[in-house]
There are 2 protein chains.
Amino acid sequence: MSANSRLTTAAHALAWIGLYQRQGHEVATSEQIATSANTNPVVIRRLLGELRRAGLVESRRGAGAGWSLARELGSITLLDVYEAVEPGPLFAMHRTTPDQGCVVGHGIQPAMRGIYQDIEETLRHELARVTLEKVLRDVLAAPRQPL
Amino acid sequence: MSANSRLTTAAHALAWIGLYQRQGHEVATSEQIATSANTNPVVIRRLLGELRRAGLVESRRGAGAGWSLARELGSITLLDVYEAVEPGPLFAMHRTTPDQGCVVGHGIQPAMRGIYQDIEETLRHELARVTLEKVLRDVLAAPRQPL
DNA sequence: GGCTGTCGTAACTGTAATCGTTACAGCGGA
DNA sequence: TCCGCTGTAACGATTACAGTTACGACAGCC
């Protein structure tokens, strides 16, 4: 599968902002997050823009600008992030519509649509079980670098 | 998401072969399947080649050549097809390794890896619950075209 | 009011995956 | 020998995403 790092990077950004705020800071800049994620600030701003549209973060402009959480880490789930950041369905139908004169060609899309819907429902349920609070906890539980 | 139609087309091909064999035919050709799926025979041959490597179908060459099922539709699950046809994991890590000097950058990948593994395990479990027999049944249950 | 730092966004490039297509060698029964 | 189909390489088109540069917009601060 064309693996997608958007969910990973978005979770990274949220965890970073959350930890930074717990250390007493008001806002985090896209530059700081980009340094941690080893990428470009614009990539972070684009992702956080989608998270803002979903109501997960807020941004300030002007001097002393930056990003802050709009909700507690404990109330944000990976499903919230997934829906904010991943547009399409997990599995796609054919690019061109199959031969409607063929029994299989006619029935395959309704059949697969129903099956895929069930599977995605389960996926969403699993994603909804993981909060960003847990993500940050797991992050901090990672073993230190051996010296 | 960059939606992938490989699983859909592979299931289509298997259902088509299965139904064709139940109608008394020995083998199906990539040309026939491609006509039903409204695509190119080479695309079908490539997909079926991967399914053959996974032991799901067999192919004959020479005159009267074509494809046949290596196992009953009832014993093939969408998980078998998924594993044969989709290479990578569902969610990817960062393209470049995050800043290991940052607490979040250091811990994010182990944390997400663990979470993703759990989720993919659930996905596989769901895929394993659907047999190609059920897919074909759903295909045939699709309502006829209204005249 | 101007300065400054950051957001917000457009535009473009590079890279990778997939699909579609053409071409052709290989196989094996008739 | 002939013929139909497999097997596979090669190439172009399309799409998605990451990365980058550039620049306007905003708002606190001097």
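The sequence lines fix the lettering, A, B, ..., with proteins before strands; numbering per chain opens at 1.
One N or O on the side chain of B/Thr35 and one on the backbone of B/Glu31 form a donor-acceptor pair closer than 3.5 Å. Proximity of a side-chain donor or acceptor of A/Gln32 to a complementary backbone N or O of A/Thr29 within less than 3.5 Å is detected. The main-chain N or O of B/Ala84 is never found under 3.5 Å from a side-chain atom of B/Glu86 such that the two would form a donor-acceptor pair.
Looking only at side-chain heavy atoms (C-beta outward), B/Leu90 and A/Leu90 come within less than 4.5 Å of each other.
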- Message: What does the B/S/- profile of nucleotides 20-30 of chain C look like, 5' to 3', with a 4.0 Å heavy-atom cutoff to protein?
- Response: BBBB--BBBB-
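Rounded to whole angstrom, the span from the CG atom of A/Leu47 across to the C1' atom of C/dT9 amounts to 14 Å. D/dA16 atom P lies 11 Å from atom CZ of A/Arg6, rounded to whole Å. Between the CD atom of A/Glu50 and the P atom of C/dC7 there is a distance of 16 Å, rounded to whole Å. Atom CG of A/Asn4 is separated from atom C1' of C/dT15 by 14 Å (rounded to the nearest Å). Rounded to an integer number of Å, the gap from A/Ile44 CD1 to C/dC7 P is 11 Å.
With sequence neighbours left out, A/Thr122 forms a side-chain contact (heavy atoms from CB on, under 4.5 Å) with B/Thr122, B/Glu126.
Checking the phosphate oxygens (OP1, OP2) of D/dC17, no side-chain nitrogen or oxygen of A/Ser5 falls inside 4.0 Å.
Mapping B/Arg53 and B/Ala65 onto DNA chain D by nearest heavy atom places B/Ala65 closer to the 5' end of the strand.
Annotation: proximity of residues 12-36 of chain A to DNA chain D (heavy atom, distance under 4.0 Å) is found for no residue.
Atom NE2 of A/His25 is surrounded by more than 12 heavy atoms from other residues, nucleotides or ligands within 6.0 Å.
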- Could you walk me through whether A/Tyr82 and A/Thr77 pass the side-chain hydrogen bond (donor to acceptor under 3.5 Å, both in side chains) test, one step at a time? CA-CA 9 Å; A/Tyr82 177 80; A/Thr77 70; over 6 Å; no
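Nearest approach of B/Asp99 to A/Asn38, heavy atoms of both residues: N-CB, 4.3 Å.
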